[in-house]
Amino acid sequence: MANEKKRVLIVDDAQFTRNILKNIMSKTGYVEIVGEASNGKEGIELFKKLKPDMITMDLVMPEKGGIETIEEILKIDSNALIVVVSALGQEALVLEAAKKGAKDFIQKPFKTEQIIEVLERILKKKAK
Amino acid sequence: MSVSKDDIKLFISEAEDLIQKVEDEIFKLEKDPNNTKPIQELYFAFHTLKGLTAMGGLNNASKFCHYFESFLDNAKDKKIEDVKQDDFIRLLFDSLDLLRSILKRVKQGDMSDIEEKFLNSIKDSFEEFESGPETDISLISPITPENFKKVLDDKKNLFYKIYIRLQPTCVFKKVRLFIIIRALNEYGQIFFSKPEPHLLEQGDIKVDFELYYLSQKIDKDILQVLDEILEIENKVITPLKIDEVKALIDEDITPWFKSDKKQVSGSKAGPIQRSKIAKVQKIEDISKIVDTHEEDAKITSLKVDINILEKLMNYFSELVINKNQITQILKNKGDLELIRMFDEMDKPFLEIQEIIFDLKLVRVESTFRKYRRLVRDVGKEVGKKVQLILEGTNVEIDRKILEELNSPLIHLLRNAIYHGIETPSERKKQKKDEIGTIRLATLRKAGLIFIEVEDDGEGINYENIRKKIIEKGMYAEEEASNLTHEDLNRVILMPGFSILEDADQISGRGMGLAIVADKIKQLGGSFSIQSEEHIGTTFRLMVPFTRAILSAQLIKVAGDLFAIPTENIKQIYLYNKAMVESVGDTDYYRLDSDLIPIIDLNQYLKFDENNYKKGSDTRIAVWVKKDENISAIFLIDEILQQLNVVVKPFKFSYSDFYNILGSTIMSDGSICLILDVLSIITSYMMDNKFTKLTSIQ
């Protein structure tokens, strides 16, 4: 059991944000970052390949935006667990993402505890 | 990547087409909201615009179009709710204005993008359409006394009150509430809330709220559902007894539900109006940077200042007159060499004239199309339904005159909406179509532009006008009662007359009908009114279509000087009586195998019969031909020289009757009338003065 880490895919066009997310999550000991994508298109490819337990999703990205990406990922797997990581002031977009089926959301800039809360509340509970 | 001038030109012309397309489709959509075709077309137009603007480096503009595209994509298959239709159309129109303003900047060489804040406004506006109270109500379905019994039939149903307090740091309350409600509805149904559902769904809460929940799950399971959601600081689940639910239905839900249905004051009306206001303000943000209708009508596609063109035209006109005068003097002196040299100047003169002429002409369409929008907006303003029908939009007119016509026409259109078109309920009463119609028709005839602004509204109440002019002391009672409707029409156009005492929107704008009439007069035109009570009013404007130079053939008829546009003349013959063949009442002139109807100008202009007979032996036959249908031989007495003349509008009331194109001042200072020979032929045909030729080959 201890070895069975939760597998997370990070989709965000900013390397900086990806690094922070990665650091926080890896330190918990029970999360493994299995992939990083810098746009929606890559995100979808990696999702198909990796079948992660959770995806963190930026909304505004080149190539393919978050909303579209969420839609496509849920088409592939309607149970996919997507947590939106949005910038402030994007309430309309975040609501759209929620309506498309995103599980929950957090805002940038986020604190370590918030990420931990996401993992605790959403990821851990996913265990069947 | 550098963008060449040609690329930009192409960009502008493509964008213009698309924007026009968008406008056309909005009008279609507004007319027939149930039709999904315009939405489909708008979707494609915005899609193409998105790509175009992106290629042009206008990234925000592209995003802007993208929002439309994706919204329309969703809306394609479903009808937009009636309640929101108006706001949606308004959003479309305002966005159209925004796109136009960008295009205008691009035309001026400014490739700057849409400001970010408009992007956010538009996004939020769409948000309002997509998650307005109507759609969200489904998230909370209130239990009514009627379906309460059914709910009770299922013994497994349990009732809960769920108290939730969000973390004070929660910013996106609307999204948070959406996620909470969505999660709970997966295992049951929220049937009421405090604050009441409409407030809750708008995100209108502080930090805590209560949900009333119906589910077959036990409270522990419900807690677990909520456990998976972020930003919840505290949650308390209390089971409710059936009596408590009943009390809630009677005391809270039913009153709320009823107030909601009536859409009156109650708790529901307040917040909805508030959110509406917020929405309207957002849209107004967008409107702020776009042009007003007046500004819009300026024709900007010409790179040269229109005033410079006008100056050029005026100097050229003077030059033409001077040249004619010099030629006349040289002829008197008999200096053949100089005369020949001056004649050689005719060709470049003509060329220049044609160029100027072309530059000055523009289709009325460019300006008149914009009035559809004006009519719509003004109609909305005063709660009337009005449509504008445009006729003759391909008529060409001098740019300057078209611009000058803009404000009088706007005034007449406003006037028709304010005073002509009745309210929808009044129209219903009168068994008229709820939607009033204003017809803006343009016709070019006899060197003049005729414009009619016709409405199918109230018509002028002449009795009221009689009363008003007596009250105002303009006429004595007896005098006034003798005035015919036509007299009264003229009175309306008198300065100082206004049907309405107070400065309303119209007089407040400082332009009564008198000013319209005055403006038209300044343009060398005329203005008249025709009205019938309960049927409608027609305003007729007549203006010259240009103040141009014309190549004219001078002729003499019964000793008087006239001119015919040279371009209308096909051939000139010495009149030979033997060529005349009579069919019925009409004389025809035989030219080879053709029979051409004869119009005797001496008769047409109703000159002295004797004079006509006397001169008949040595007459001239001028063949005027436009096409197979418009063709005639004009009989005249004398043919003189050809000249470039400056056409001045001819202002006598019978000029229309005689088909006079205009007048020109001769080198000796005398006035010569220019005959519109094509219109003379047309009027002969319309009066059936020509015997039908079809029977005789």
Side-chain angles (χ1 to χ4, degrees), chain A residues 40 53-54 56-57 59-72 74 78-79 81-128, chain B residues 50 54 59-60 62-63 66-67 69-71 73-74 116-117 119-132 135-136 138-139 166-167 169-183 186 201-203 221 223-233 235 278-279 282:
Chain A
D53 297 307
M54 188 180 95
T56 72
M57 180 71 58
L59 286 183
V60 183
M61 289 178 295
E63 289 287 322
K64 193 159 267 172
I67 304 287
E68 263 179 279
T69 311
I70 291 169
E71 247 186 321
E72 287 189 36
L74 288 171
S78 59
N79 289 320
L81 209 47
I82 303 170
V83 175
V84 166
V85 181
S86 83
L88 272 172
Q90 290 181 329
E91 182 159 20
L93 260 186
V94 176
L95 185 60
E96 201 183 336
K99 284 183 176 171
K100 293 274 190 253
K103 173 76 177 170
D104 215 309
F105 66 95
I106 52 170
Q107 287 141 310
K108 293 181 209 170
F110 43 78
K111 289 183 187 137
T112 307
E113 306 88 76
Q114 284 176 285
I115 302 299
I116 304 294
E117 197 189 343
V118 169
L119 299 176
E120 295 282 331
R121 288 196 186 280
I122 298 169
L123 194 52
K124 270 198 165 175
K125 303 269 174 176
K126 206 202 166 190
K128 294 228 169 105
Chain B
K50 177 176 86 167
N59 290 330
N60 283 347
S62 178
K63 262 187 214 161
H66 171 73
Y67 293 139
E69 185 197 344
S70 41
F71 176 75
D73 192 22
N74 288 328
E116 199 87 31
K117 62 176 175 178
L119 276 186
N120 293 331
S121 309
I122 203 86
K123 220 158 46 187
D124 288 352
S125 298
F126 279 136
E127 194 51 46
E128 301 274 355
F129 288 113
E130 289 194 326
S131 64
T135 43
D136 279 353
S138 60
L139 287 174
L166 299 177
Q167 289 170 357
T169 49
C170 171
V171 181
F172 296 166
K173 287 188 185 130
K174 208 167 159 179
V175 194
R176 183 51 59 209
L177 283 160
F178 174 85
I179 286 174
I180 292 170
I181 294 170
R182 179 181 66 182
E186 232 177 283
E201 284 159 349
Q202 289 297 310
D221 291 343
L223 267 177
Q224 206 166 14
V225 171
L226 292 173
D227 264 348
E228 287 184 28
I229 296 170
L230 302 171
E231 292 187 306
I232 296 177
E233 192 174 76
K235 45 189 179 276
K279 183 189 328 178
K282 263 176 220 153

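Since this is a predicted model, take the numbers as computed values, not measurements. The sequence lines fix the lettering, A, B, ..., with proteins before strands; numbering per chain opens at 1.
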| request: For each of B/Ile179, B/Leu230, B/Ile229, B/Thr169, tally heavy-atom pairs with chain A at distances under 4.5 Å, and name the one with the top tally. | output: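 Going by pairs under 4.5 Å, I would pick B/Leu230.
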| query | Which atom pair, heavy atoms only, marks the closest approach of A/Thr56 to A/Val85? | reply |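 Scanning both residues completely, I find the closest heavy atoms to be CB-CG2, 3.9 Å.
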| message | So which atom in A/Ile67 and which in A/Ala97 form the shortest heavy-atom distance, rounded to 0.1 Å? | response |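 Smallest interatomic distance, heavy atoms only, reads CD1-N, 3.5 Å.
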| field | Region of A/Ala102 that comes under 4.5 Å of a non-hydrogen atom in chain B | value |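 For A/Ala102, backbone heavy atoms alone lie under 4.5 Å from chain B.
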| A/Val118 portion near chain B, given a 4.5 angstrom heavy-atom threshold |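 Both backbone and side chain.
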When you measure from the side chain of [X] to the backbone of [Y], do you find a donor-acceptor pair of N or O atoms at a distance under 3.5 Å?
X       : Y        : value
A/Glu71 : A/Lys100 : no
A/Glu72 : A/Thr69  : no
A/Ser86 : A/Val94  : no

| said: Please classify the contact of B/Arg182 with chain A as side chain, backbone, both or neither, using a heavy-atom distance under 4.5 Å. | reply: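 Just the side chain, heavy atoms under 4.5 Å.
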| message | Between B/Ile232 and chain A, with a heavy-atom cut-off of 4.5 Å, which part of the residue counts as in contact: side chain, backbone, both or neither? | response |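 For B/Ile232, the backbone is the part near chain A, not the side chain.
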